[in-house]
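Notes for the one structure printed next.
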Amino acid sequence: MPGNLISGQKGGPNDGTGFDVGGKYDFAGFQVAAWLYYAKGLGTTGLFLGGAVADPASAAYGETRKSYGGLAQVTYKIPETNFKLGVNYRYQLE
């Protein structure tokens, strides 16, 4: 089928959509940051790479994949130094 990246993929070309949102807030030496994203048919390895299920044995073969996730981070800058401590948590679901 012309236009398909996977040889023998069923269906036609896939459309992709997605968004992300995030921000950060600073107060009293602390910084709190968070980001969230959602994607359908965009791929998680690279843009437009792997946006469809590529396993021919899968019932969803050729269908666009959804993925979503986010990142949360908290840091603290030690006063009168350039040293910053932090912790973060990342998650991704497909």
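Count residues from 1 along the sequence.
Linking Ile, Leu, Val, Met, Phe, Trp and Tyr residues whenever their side-chain heavy atoms come within less than 4.5 Å leaves Val32 and Trp35 in two separate clusters. In the hydrophobic clustering of this structure, Tyr76 groups with Val74; members are Ile, Leu, Val, Met, Phe, Trp, Tyr whose side-chain heavy atoms approach within less than 4.5 Å, directly or through other members. Linking Ile, Leu, Val, Met, Phe, Trp and Tyr residues whenever their side-chain heavy atoms come within less than 4.5 Å places Phe30 and Ile78 in a single cluster. When hydrophobic clusters are built by joining Ile, Leu, Val, Met, Phe, Trp and Tyr residues whose side-chain heavy atoms come closer than 4.5 Å, directly or via intermediates, Tyr68 is not grouped with Val21.
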Go through the steps to decide whether Asn82 and Lys77 satisfy the test side-chain contact (heavy atoms from CB on, under 4.5 Å), and finish with yes or no.
CA-CA 7 Å; Asn82 285 329; Lys77 184 179 181 299; 4.3 Å; yes
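Rounded to the nearest 0.5 angstrom, Asp20 CG and Tyr38 OH are separated by 14.0 Å. Arg90 contributes atom CZ, which lies 8.5 Å from atom CG of Leu71 (distance to the nearest 0.5 angstrom).
Residue-environment remark: OH (Tyr25) stays at or below the threshold of 12 foreign heavy atoms within 6.0 Å.
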